Amino acid sequence: MAQKPGIPKGTRDFGPGELARRYYIIEVIREAFERFGFQPIETPSFENYDTLMGKYGDEGDRLIFKILNSGDFLSKVGADELAKGDANSLTPKISEKALRYDLTVPFARYVVMHQNELDFPFKRYQIQPVWRADRPQRGRFREFFQCDADVVGATGILQELEFVQLYDRVFDQLGLKGVTIKINHRKVLAGIAEVIGASDKLIDFTVALDKLDKIGAAGVEKEMLGKGLAPDAVEKVKPLLDTTMDAMGRFEKLEELLSDSEVGQEGLADLRSILEQTDALGLRASTLVPDVTLARGLNYYTGAIFEVAAPEGVEMGSIGGGGRYDDLTGIFGLKDLSGVGISFGLDRIYLVMEQLGLFPPSVDQQLDVFCINFGEAEAKAAFKLVLNLRSKGVRTDIYPNAAKVGKQFKYADKRGVPRVILIGDEELKAGNFTVREMKSGEQATFSMAQWEDFAAQLLR
RNA sequence: GUGGUUGUAGCUCAGCUGGUUAGAGCGCUGGAUUGUGGUUCCAGAGGUCGCCGGUUCGAACCCGGUCUUCCACCCCA
């Protein structure tokens, strides 16, 4: 009895057409990473359970895929414990491994484990899949690729400036215009919380603030009150919730509000200087915008926070994010090592580019020449020519058997080949090959001896 | 994890208040055309109606469960 095949929800197969486009994006990102001096690393797809758990907050823990122990996974569980049915205390006993949830925490683990081999500041990039046990939606998958660049062991905002430029270079190369790079600062958020006397509720406060776009000022106020923030504290935040004001306007309000907060001032100084210097350096495809409501990665970011929004009119969550974490390696025992990094969401960038029709046609053309097979003797000569063309870097293929010519042409057409070579008995006798341009239907005949000229012409 | 939604041919979808043999377009295969694709014409193949169970004389259609899709939360690339 054959079973019906399927793949787990939130996962996808990729066909040749999709992969050509994905590789194109990856190549642009990779080239940019290397141009900016980052070095590649890879880490295992699964880590020890304890390495990942507790690093992303309660919500994050829930979304981590746990791997069931091999063999008798119940051997360490007592009968009474099993009967209790408490999943939280049971899980660590039956699972010692978990699928990578992001690339940042594994990187921190890598840095700590290899600290004696690394030259600091260490700049690495990493392009690998990560897994989250989330409920899928458009642009949200349970298996997806992140493309991360981080530097550890470097302080000073030159790094932040560099990451903004890196984002911009990639989006410019991809032809993705109108991207917004939003920036905020963890110390600014801490400053606001301090000024309004809600330092102990920092996370609740920022999570609520982050929803301004979605639920509006009234919704944010309601959520803050619901989370137990004092009414007069919420009142003080109100000026920041004025959605009629643009980003810079709200930024100025912020400067007023934070005049008495030392942390707040530190954050503002960073932000101001990143904004000013970026302004002076210029950006090609994107805009850098301060956004007080931006709050993410609260469990480890300590300085600047980035989030990248797709161009206006495209319905898509963030296509990138990042920030500075002063003590990420601290949890693994290596203190006082500052890190900053950003991430590109490959799968979402793909969807945005698809929607905007930004893939160049050349990406979809994966074969330069296709050779028709007319029979044994003809194919022998043809195959020689095919190998010659391939040796020069021309992407060439030949039909494996002497099927009907019409069928072979149809196949060539499906593969999107721009030109077809014909070597039938006429050409074979004369020592020629005929080239048909599929689009125009024009045909030209070359002498076999001219194959190098023909190849050179294609590669121009 | 919560609430909702979707599932019929390879793809996009029809299918009436439950009624006989479940349809269309595109695609696919073959032929018209044994050295010429993308146009045209002709013929053909392809479905346990997501899966399991229930109600009924009778279920693609109604009910329950389950899986899947998409959406809103939560959170996030």
Side-chain angles (χ1 to χ4, degrees), chain A residues 1-12 15 25 29 56-64 87-88 101-104 127-148 167 203 207-208 210-211 214-215 219 223 294-299 306-310 315-322 341-352 370-375 378 399 402-428 433-443 445:
Chain A
M1 178 72 159
Q3 65 165 337
K4 207 173 187 176
I7 55 175
K9 82 165 129 183
T11 66
R12 297 149 296 159
I25 299 173
I29 294 173
Y56 310 100
D58 290 344
E59 200 58 34
D61 285 356
R62 203 197 79 211
L63 297 175
I64 292 173
N88 284 336
Y101 175 88
D102 72 356
L103 301 178
T104 307
I127 300 174
Q128 288 190 278
V130 301
W131 295 267
R132 293 183 189 176
D134 214 344
R135 199 171 281 207
Q137 284 178 41
R138 171 179 297 288
R140 169 181 288 189
F141 307 99
R142 299 212 290 187
E143 176 181 64
F144 61 98
F145 266 71
Q146 288 193 331
C147 314
D148 276 30
Y167 265 141
I203 300 242
V207 165
D210 188 48
K211 293 181 188 167
K214 215 176 227 173
I215 60 178
E223 171 147 346
L294 176 61
R296 61 192 311 94
L298 293 168
N299 288 284
F306 297 106
E307 180 170 293
V308 183
E315 283 289 314
M316 185 58 64
S318 59
I319 58 174
I342 58 170
S343 181
F344 292 85
L346 173 65
D347 304 80
R348 287 183 177 178
I349 291 174
Y350 178 99
L351 290 171
V352 169
F370 187 79
C371 197
I372 303 289
N373 184 330
F374 282 93
E378 293 91 336
Y399 205 83
K404 285 193 181 172
V405 174
K407 186 181 166 123
Q408 296 191 45
F409 262 96
K410 217 166 181 171
Y411 177 79
D413 196 43
K414 288 264 171 60
R415 301 247 337 230
V417 186
R419 59 194 72 78
V420 164
I421 287 181
L422 299 107
I423 302 176
D425 61 357
E426 260 174 57
E427 285 88 352
L428 187 64
F433 62 94
T434 297
V435 178
R436 179 184 177 86
E437 293 294 329
M438 292 296 272
K439 209 167 178 183
S440 63
E442 279 171 41
Q443 297 196 177
T445 301

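Chain naming here is simple, since letters A, B, ... match the order of the sequence lines and numbering starts at 1 in each. Everything numeric in this text was worked out from a predicted model, so none of it was measured.
The side chain of A:V405 lies closest to B:U36 when the candidates are B:U36, B:C76, B:G3. With B:C75, B:C71, B:G37 as the choices, the nucleotide that has an atom nearest any side-chain atom of A:K214 turns out to be B:C75. The nucleotide whose nearest atom lies closest to any side-chain atom of A:D413 is, among B:G37, B:C76, B:U36, B:G37. Considering only side-chain atoms of A:R135, the nucleotide from B:A72, B:U36, B:U68 that sits closest is B:A72.
Distance, A:M438 CE to B:G37 C1': 4 Å, rounded to whole Å. For the pair A:K407 NZ and B:U29 P, the interatomic distance rounds to 7 Å; values are reported in whole Å. If you measure from atom CG of A:D425 to atom P of B:G35, you get 9 Å, rounded to the nearest angstrom. Rounded to a whole Å, the CD1 atom of A:I64 is 20 Å from the P atom of B:C74. Here B:G37 presents its C1' atom at 15 Å from NZ of A:K439, a figure rounded to the nearest Å. Here B:C76 presents its C1' atom at 17 Å from CZ of A:F344, a figure rounded to the nearest Å. Between the CZ atom of A:F433 and the C1' atom of B:U36 there is a distance of 18 Å, rounded to whole Å. Atom OH in A:Y411 sits about 16 Å away from atom P in B:G38, given to the nearest Å.
For the pair A:K211 and B:C73, the criterion of a side-chain N or O lying under 4.0 Å from OP1 or OP2 is not met. A sub-4.0 Å separation between OP1 or OP2 of B:U36 and a side-chain N or O of A:Q443 is absent. Remark: A:K414 is not in phosphate contact with B:G27, judged by side-chain N or O atoms under 4.0 Å from OP1 or OP2.
Between the C1' atoms of B:A9 and B:G53, the separation comes to 26 Å (whole Å). Across the P atoms, B:G23 and B:G44 are found 14 Å apart, a figure rounded to whole Å. Between the P atoms of B:G31 and B:U36, the separation comes to 13 Å (whole Å). On the P atoms, B:C13 is 32 Å away from B:G54, given to the nearest whole Å. Using P as the reference atom, B:U34 and B:C11 are 33 Å apart when rounded to the nearest Å. Rounded to a whole angstrom, the distance from the C1' atom of B:A59 to that of B:G19 is 10 Å. B:G18 sits 12 Å from B:U55 when the C1' atoms are compared, rounded to a whole Å.
Proximity of A:Q128 to A:V130: side-chain heavy atoms (C-beta onward) are nowhere separated by under 4.5 Å. For the pair A:R132 and A:F144, the minimum side-chain heavy-atom distance is below 4.5 Å.
Backbone-only engagement by A:I319 is indicated by non-hydrogen atom pairs under 4.0 Å involving sugar-phosphate atoms exclusively. Looking at heavy-atom distances under 4.0 Å, A:G57 makes no contact with the nucleic acid at all. Counting non-hydrogen atoms under 4.0 angstrom, A:F141 reaches a base of the nucleic acid. At a threshold of 4.0 angstrom between heavy atoms, the contacts of A:S318 are confined to the sugar-phosphate backbone, with no base atom among them. Note on A:D102: nothing from the nucleic acid sits closer than 4.0 angstrom, heavy atoms only. Within the 4.0 angstrom heavy-atom criterion, only backbone atoms of the sugar-phosphate kind lie near A:G406; the bases stay farther away. Using a 4.0 Å heavy-atom criterion, one finds that A:G10 contacts the sugar-phosphate atoms exclusively.
Looking at A:R140, its side chain has no donor and acceptor atom pair within 3.5 Å of the base of B:C71. In terms of polar N and O atoms assigned as donor or acceptor, the side chain of A:R415 never comes within less than 3.5 Å of the base of B:G37 in a complementary pairing. Judged by distance alone with a 3.5 Å cut-off, a donor-acceptor contact links the side chain of A:E427 to the base of B:G35. Counting atom types as modelled, A:R62 pairs no side-chain N or O with a base atom of B:C75 as donor and acceptor under 3.5 Å.
The pairing partner recorded for B:G64 is B:C52, the criterion being a Watson-Crick or G-U wobble arrangement whose two distances lie under 3.5 angstrom. Both distances falling under 3.5 Å, in either a Watson-Crick or a G-U wobble arrangement, place B:G25 opposite B:C11. With a cut-off of 3.5 Å on both pairing distances, the Watson-Crick or G-U wobble partner of B:C41 is B:G31.
The number of heavy atoms from other shown groups lying within 6.0 Å of CZ (A:R12) is above 12.
For A:F344 and A:F145, the ring centers are positioned 6.0 Å apart or more.
Between the side chains of A:T434 and A:E427, at least one donor-acceptor pair of N or O atoms lies under 3.5 Å.
Toward the 5′ end of RNA chain B lies the nearest nucleotide of A:T11, the other residue of the pair A:T11 and A:Y56 mapping further downstream. Each of A:E426 and A:K404 lies near RNA chain B, and the nucleotide nearest A:K404 is the one positioned closer to the 5' end.
Geometrically, A:R415 does not engage A:F370 in a cation-pi contact defined by less than 6.0 Å to the ring centre and at most 45° from the axis.
Remark: side-chain polar atoms of A:R348 are paired, donor with acceptor, to backbone N or O of A:G139 under 3.5 angstrom. For A:Y411 (side chain) and A:G406 (main-chain N/O), no donor-acceptor pair under 3.5 Å exists by modelled atom type.
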